[in-house]
K.L.:
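Pasting a structure here, questions to come.
Below, chains carry the letters A, B, ... as their sequence lines are ordered, and counting in each starts from 1.
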Amino acid sequence: MQAKIQQAVNQISKVILGKEQEIKLALTCLLAGGHLLIEDLPGMGKTTLSNALARVFGLGFSRIQFTSDLLPADMLGVNIFNTQHQVFNFHPGPLFNQVVLADEINRASPKTQSALLEAMEEHQISLDGETHALPSPFFVIGTQNPEHQAGTYPLPESQLDRFLMRIQLGYPSWQAEKDMLRQPQQKEVEKLQPVISPTSLIELQQQISEVHASDDILDYILRLVTYSRESEKFPSALSPRASKALLQAARSWAMVNNRDYLIPEDVQTVLPAVAEHRLRSALAEHPAQTSLSQWLLEQVDPLAA
Amino acid sequence: MFRKTLQPQINTWLDKRIPPATDFSLNLGNIFIFPSRFGMLYLILCVALFVLGTNYQNNLILLLGFFLLALFLVSLLSSYLNFAGLKIMVGKVAHPFAGDSVSLPLWIDTSAQKHSAHGRLHLGLYGEKVQLSVDLDRLTNPAELSVPTTRRGRLPLPRVTLSSYFPLGMFRCWTHLRFDRKVLVYPSPLPCPVITYSATGEEESEGNVATGEGYDDFDSLTEYQLGQPLYHVAWKQVAKGQGMISKKFSSTSNNEVWLRLASKTDDELESRLSHLCFMILEMENRGQRFGLKLGDNTIQPGKSSAHRHQCLTSLALYNNEHNDG
Amino acid sequence: MVRLNPSAYNKAHLLLTLVLCISSFTLTEPLETWILLIVCCATIIRFSLFMNWQKHQISLRTLNLLAILSAIVLATFGWQLGLLLGMLNLLVLASSLKLMLLASRRDYFQLISIQFFLIGTGLVFNQNIAFSLLYGALTMMLLLSLAFHISPVNTWSGQIKRTGKLCLQAVPLCIMLFLVTPKLGPMWQMPVGKGGETGLSDKVTPGDLSQLARSSDLAFRVNFDDDIPVMSERYWRALVLEDFDGKSWQVAPFRERIRQRYQRTNHIFTPRTSGPGIAYQVLSEPSKNPWLFGLDLAVTRDNTIWQGREYQLISRYPLQSGISYRVRSYTQAPLLPDVELLDRRLNLQLPEQGNPRTREWAANLRQRHDSDKAFIGAVSNYFQEQEFRYTLNPSPMPTNAMDQFLFEDRAGFCVHYAGAMAYALRLGGIPARMVTGYLGGEMRGEEYMSVYQYDAHAWVEWLSENGWQRLDPTALVSPLRLEFGLQRAVEYEDSFMQGSALSRLQQLAWVNELRMLLADMDYLWSRWILGFDRDNQEDMLKALLGEVTPLRLALAGAALVLFTALLLAIYQYKHWLVIRHSSPAYYYHKGLRLLERSDIERPRWMGPQDFNSLVQQQQPAHVARQFDKMTRCYLRSSYETRDDAEQQILKKRMRFLLAKLKKALKKKPPAKRQGF
């Protein structure tokens, strides 16, 4: 199984060069059954990454470009009256796909945002009193622009919480970008072969819960979240949901790294992705440059005394 | 009376014995232990039983008396050790306005030592009544004490007294902790007419101030408050059964105004600062961009809550002799 | 005023209530019935408050009314109860009234202190094993109640465990305190509860002891050091009755007066002794009377016991609780009168009138027999020759009892015989007196002898030139009584312990066995717990310290304090002891410290694997290799394995690796040392 994961990483690395860590994190997030938020400028390969992820798992993929006039129905689907049979037929929207790229999520109106986030949370949508289950696995990759721009609606903290991880892709390295430029065609993604079948993906997701977390690890996680609650430095503290997410992500990371137990480094690796967007608050007293999660990591000794 | 005259000495002694810190592990250095009132009664009881047993030459009564006495000794130690298992940390303290009380969150860690602490913990400010009792076996962190504030500035936190009678109430273990943390207290807002200045320094009368709340752009949804116009109600949401919700609109007026400390009035500095504080809050409520000129300190116009904090902080610390008091 | 219910589901209050209720009902005898009723009321009120059936406390006004009423009743009827019982009743009444009103913390603490004291008072009245256990349980309940009061959210099992642990820790200290605290005499005379006096009394009317003979209660126990005298020699003297009014014998008032005078001036009487002595220890049951028991001429060193001039042992205070004392008896020494003239005068005293036939008969006999011996022989002969019968059911003798007994009924009990004999001797001019006490005693194996109330006996002493001589007329009539005890003497009559279910049960072997076992336990209880006295304490100290000198005492005191401190420390060993239960993590941390000393410091936030790769990059290979092994081992133990058995193996391996790491670090030449 682990070989397959490695294979998947290798596959995706072929289309996104020099970003192995981010790819692994994205994979981790997918395996942990959480949604991913990518905060980056346009043109950094967000679409490519989500497309590639969908492909290596053989999952259905769709992309929704969020704009201020996007309505929930555009995304969820509509009931259309079928004159032949005198009934309403449900026409599922683009959300009914296993991997959904919600591009520039902060451009949509709060109404549309919350419809999406509700669907993410509950894995189903309600329309006109009917419930429609979303496909499984269901994985949303949201992207948003880091800079506050005119006409955007930044996601409130409570909704940021729905994303298991938030990562930044960043610019590729000199060498990587050179390699990329050297590549003949951009259509590389289409050529990717599914490595892991959707059923084995579900199996993998189940295996994650069996990754052993020793007492020492749980204590470490608790020390981290408790520190965030006690210290004055953090505008908002890590909630129990956050600590659960942290554990889940760390487990998934351990599995991606072919281990069936957790070590402190797993937690340390996923913490910035899992916690940074939860630690910030609207009260932007802290400049965006300083990483709160990094600071948090530096305060807590991973080894129990 | 006696206590009052000795208070300064006691305070110096306490400062030396339990110096301020951000977190405390209770130990021999900062725990006081003494028989409680019941403990005294209990000792008298032991003596009474001894006398009764001796006078009736009754060994069983003597045994009972000695047993209770032995229990007293044993509970001394277990009382101390239970209390010594605690670790106390102070959490985030909000910024109150002078005269308001601020809640002081205390994070209590019961298993700092090898064994965890039990029983009820009584918390209060030093020299005052117990404010709240928390059960260490069913602890929800943090325990919040309310601390009254009297004046603006950066004020030190008062001493906090923690006490426990565990396990049998014969001993009272207590400690007076001073946390090495200062609370920034804003001046208390005092309602007054709002006087603003233009960027050039001209005074503007109140009427000219553009109201922050406009009618042009939809801003956000807020809970409906009685008295708001009905046409602001977001009927769609109401119909969905989400309760009364009203829409908030704002004008995107980029009018920038300046606030200044009034100089003409005969009022004292404190009340002028209070007025200024009120104005800042008012501006904030109206969604108006404003700047502040206070002495040498100039704060460029802004609108966020961080901006508000910056302004109020400069008010709190303005000409404050207690800056680091 | 409406008071809210602070008691709902309050376990502390419930336990307190139960304790008050139970301890009051163990004191049914000394307590007034109406006070018990009030206790019941309080219990019911508290209980319904606990169950929250009743939501409000009863109002203060109602309670005040009740309190005033009770106070009036107690004041009117209570003054005749005497101080002790009055106080006890008041205590119970007050606490039950307080219980009805219990709300504040202060009330609670006062009430619980009173409860502890009430248990102490209960022990004044009941001291056997069963009651002691019950009172022990009540004490535990009170402590539990306290624990619930202090930390109410805990579960029953948790509280019981914690409180039980505290109690167990207190027990050794308690025993130590009990053993070493000097046993003091009573500091002042305590009031004694009225009623319930058992055993002999200081006034005997014919027929009295027969009631006693039906009681199978224990009177006292004896523990002989070596030889045990035969049954017929075991005359336990208790009271000397020298005053006869024609009907009853009693302690001479004059004797009583001079005893009090001597006691005041502390004029101690030391009897002249001769011949071999028998040493033994007596464990007396609480009789609420002061008199004690001894064989013949009994001498004691105990200064709480007064040596009477009529050869009688008297406790300085009534036996509210059982006591033990050591005695040495000289069976062959004569009982010489202290002041012969006084003894003569007292013991020749006779009533002016009454019993004409006896007077006439005695005068006749005296004329015929000159010598005292011959006269006594003649009287004895009369008892032997006439058909006298030994019975526990004599017919009542309202007037001229002696006449009726000697010449008509000729049936009676030891008191009749002894009374008649002494009277006859006095009529004949020989000083004689009645002595009451016990005869015999049942041996339990080789260990101790129990003397029961039914062993009560009365006999005669007459004054010869060799002092007082014992003369037992009962022996003339019923020799069986002497040899085999009362049970055999009245077998034919079936009057022995009439109506006692025990007498029938005794015939079942196993019941008897059980009874004996219980008696044994009770003996040990009385001997070592109730009867632990200053002598025992001194013996123990001597056994421990050898000679008791001030230096040794001081040393022993210091040792005790040290021992106490040690004991207290041991109880909390988990706290003091830095637990070196050396887990693999412990060795890993040691390894980290070793590296630190060589200037290789782990940044606080760094995880073990990252640190390891850092070490691999920057350290010489031999150190890095050892540390790599160590890290892997640590990762396995702390994060990977779930197996306890494996932890043990890993621990050993860690220890080994640590040693290796130490060696590797030493090998490193200081010049090449490099840190980061």
K.L.:
Report the option among T181(C), V171(C), I119(C) that has the most heavy-atom pairs separated by less than 4.5 Å from atoms of chain B.
P.N.:
T181(C)
K.L.:
How long is the straight-line distance from CZ of R120(B) back to NE2 of H149(C), given to the nearest 0.5 Å?
P.N.:
7.5 Å
K.L.:
Contact part of T139(C) toward chain B, heavy-atom cut-off under 4.5 Å: side chain, backbone, both or neither?
P.N.:
side chain
K.L.:
So do the side chains of D135(B) and P152(C) get within less than 4.5 Å of each other, counting heavy atoms only?
P.N.:
yes
K.L.:
What is the ring orientation for F109(C) with F38(B), classed by angle as parallel under 30°, tilted 30 to 60°, or perpendicular over 60°?
P.N.:
parallel
K.L.:
Heavy-atom pairs under 4.5 Å with chain B are the metric here; pick the option from P172(C), S132(C), S113(C) that has the most.
P.N.:
S113(C)
K.L.:
Any heavy-atom pair between the side chains of I150(C) and L168(B) that's under 4.5 Å?
P.N.:
no
K.L.:
Does any heavy atom of chain B fall under 4.5 Å from the side chain of L143(C), the backbone, both, or neither of them?
P.N.:
both
K.L.:
Given heavy-atom pairs under 4.5 angstrom as the criterion, report whether the side chain, backbone, both or neither of N58(B) touches chain C.
P.N.:
both
K.L.:
Between atom CG of N59(B) and atom NZ of K183(C), what is the distance when rounded to the nearest 0.5 Å?
P.N.:
3.5 Å
K.L.:
Hey, does F116(C) have a side-chain heavy atom less than 4.5 Å from the side chain of C46(B)?
P.N.:
no
K.L.:
Hey, are the side chains of P167(B) and T163(C) touching, using non-hydrogen atoms and a 4.5 Å cut-off?
P.N.:
no
K.L.:
Can you measure from OG1 (T121(C)) to CG (L49(B)) and round to the nearest 0.5 angstrom?
P.N.:
8.0 Å
K.L.:
Against chain B, work out which of I112(C), L173(C), I114(C) has the most heavy-atom pairs shorter than 4.5 Å and name it.
P.N.:
L173(C)
K.L.:
Can you tell me how far apart CZ (F178(C)) and CG (L60(B)) are? Round to the nearest 0.5 Å.
P.N.:
8.0 Å
K.L.:
Once rounded to the nearest 0.5 Å, what's the spacing between atom CG of L52(B) and atom CZ of F117(C)?
P.N.:
5.0 Å
K.L.:
To the nearest 0.5 angstrom, please state how far the CZ atom of F50(B) sits from the CG atom of L184(C).
P.N.:
5.0 Å
K.L.:
Counting only heavy atoms from other residues, nucleotides and ligands, does the tally under 6.0 Å from CE of M540(C) exceed 12?
P.N.:
yes
K.L.:
Does L133(C) have more than 12 heavy atoms from other residues, nucleotides or ligands lying within 6.0 Å of its CG?
P.N.:
yes
